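I have placed the structure first, in the form of structure tokens, so that the comments after it can refer back to it.
Fair warning: this is a prediction, and the values are worked out from it, not measured in the lab.
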Amino acid sequence: MLGGIIVNVFVGVTIFIFLTYIMGETYLPKEYVNNHGGIEALDLAKDIGLKTGDKIVKINGKDYDDFMDVADPDMLLTNNSYYTVLRDGQEINVPIPGNFIEQFNSKEAAEKFVRNRLPATVAKVADEIDNPKGDKVTSMAKELVFSQATSL
């Protein structure tokens, strides 16, 4: 009887190891976000002083790699937490208020924090415009254009 249980556990662990090896770990690198328009600051982010287009380069003075770390509770719960952002070519420290984690306590709140910006792509083209489908729109009337991406 124990042989069946042991084999099932062994096969399950082997499958997970194999899937992790084949698929690897997926994440959104900080460099990608910072090189493709920075963040889109939503309501909660604006409340603490972040702005759309900011590039978050450090959290609490430490470098990070995964964009999801921006909303990591471990980072937000430390005393005197702050983001170091690159805004208009200057590094600025944006302090995170001590009570911020209280506002950030639900999934709905997480959807109102930050997300990465992506360049808009032409999906439907008007007849009078000579742009093929799939072209990337970078500006309109000399204003940068970005589409909304998935929430953090």
Side-chain angles (χ1 to χ4, degrees), residues 1-87 91-125 131-139 144-152:
M1 286 175 49
L2 287 177
I5 295 170
I6 293 171
V7 168
N8 284 338
V9 170
F10 179 73
V11 170
V13 169
T14 304
I15 289 172
F16 280 118
I17 290 171
F18 180 71
L19 287 174
T20 303
Y21 178 75
I22 296 296
M23 297 180 76
E25 182 182 356
T26 58
Y27 66 97
L28 183 60
K30 166 188 83 168
E31 287 79 20
Y32 179 83
V33 174
N34 289 343
N35 292 332
H36 290 87
I39 64 164
E40 180 180 356
L42 302 174
D43 294 339
L44 286 176
K46 289 177 183 175
D47 288 346
I48 65 170
L50 293 173
K51 294 183 179 181
T52 296
D54 282 352
K55 298 174 181 179
I56 301 175
V57 292
K58 293 181 183 174
I59 304 170
N60 296 332
K62 297 177 186 171
D63 198 22
Y64 70 100
D65 189 41
D66 187 356
F67 184 65
M68 296 298 283
D69 289 343
V70 169
D72 184 11
D74 292 337
M75 299 285 192
L76 301 175
L77 284 173
T78 58
N79 290 333
N80 302 320
S81 297
Y82 63 95
Y83 293 115
T84 303
V85 300
L86 188 61
R87 183 184 297 160
E91 281 194 3
I92 300 169
N93 288 334
V94 177
I96 301 170
N99 66 346
F100 181 68
I101 199 68
E102 295 168 8
Q103 300 170 359
F104 200 76
N105 62 359
S106 68
K107 184 174 181 163
E108 293 81 26
E111 293 173 355
K112 296 177 183 175
F113 187 49
V114 296
R115 57 182 159 201
N116 62 308
R117 293 177 11 167
L118 297 174
T121 304
V122 176
K124 187 174 183 180
V125 181
N131 287 344
K133 185 175 180 178
D135 277 1
K136 293 192 185 260
V137 177
T138 56
S139 65
L144 287 178
V145 176
F146 288 91
S147 65
Q148 294 183 357
T150 0
S151 299
L152 182 64

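- By the 4.0 Å N-to-carboxylate-O rule, Glu40 lies close enough to Arg115 to be salt-bridged with it.
- A pairwise comparison of heavy atoms in Gly37 and Arg117 identifies O-NE, 3.2 Å as the closest pair.
- A donor-acceptor pair is defined here as one N or O able to donate and one able to accept, closer than 3.5 Å; such a pair exists between the side chain of Asp54 and the backbone of Lys51.
- Rounding to the nearest 0.5 Å gives a distance of 12.5 Å between CD1 of Ile17 and CD1 of Ile22.
- Using a 4.0 Å cut-off between charged side-chain N and carboxylate O, Asp69 and Lys30 make no salt bridge.
- Nearest approach of Phe113 to Ala71, heavy atoms of both residues: CD2-CB, 4.3 Å.
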>> As a quick check of understanding, evaluate side-chain contact (heavy atoms from CB on, under 4.5 Å) for Thr52 and Ile39, giving each step before the final call.
In response: CA-CA 6 Å; Thr52 296; Ile39 64 164; over 6 Å; no

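- The heavy-atom pair separating Ile48 from Pro97 by the smallest distance is CG2-CD, 3.5 Å.
- Evaluation of the side-chain contact (heavy atoms from CB on, under 4.5 Å) rule for Leu86 yields Lys55, Val57, Glu91 as partners, not counting sequence neighbours.
- In this structure, Asp47 CG and Leu42 CG are separated by 11.0 Å, a value rounded to the nearest 0.5 Å.
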>> Between Arg87 and Val94, does the side-chain contact (heavy atoms from CB on, under 4.5 Å) criterion hold? Intermediate values first, please.
In response: CA-CA 11 Å; Arg87 183 184 297 160; Val94 177; 4.2 Å; yes

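- The CG atom of Leu28 sits 10.5 Å away from atom NE2 of His36, with the distance rounded to the nearest 0.5 Å.
- By the 6.0 Å contact criterion, CG on Asp63 is enclosed, its count of non-hydrogen atoms from other residues, nucleotides or ligands being greater than 12.
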> Hey, mind stepping through Ile92 and Thr84 against side-chain contact (heavy atoms from CB on, under 4.5 Å) and telling me if it holds?
Replying inline: CA-CA 6 Å; Ile92 300 169; Thr84 303; over 6 Å; no

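- We find the CG-CG distance between Asn80 and Asn93 to be 11.5 Å, quoted to the nearest 0.5 Å.
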> Passes side-chain contact (heavy atoms from CB on, under 4.5 Å), Leu50 versus Tyr83? Steps please.
Replying inline: CA-CA 9 Å; Leu50 293 173; Tyr83 293 115; 4.1 Å; yes

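- Put simply, OG1 on Thr20 and CD1 on Ile15 are 11.5 Å apart, with the number rounded to the nearest 0.5 Å.
- Residues Tyr64 and Asp66 come closest through the heavy atom pair CD1-O, 3.3 Å.
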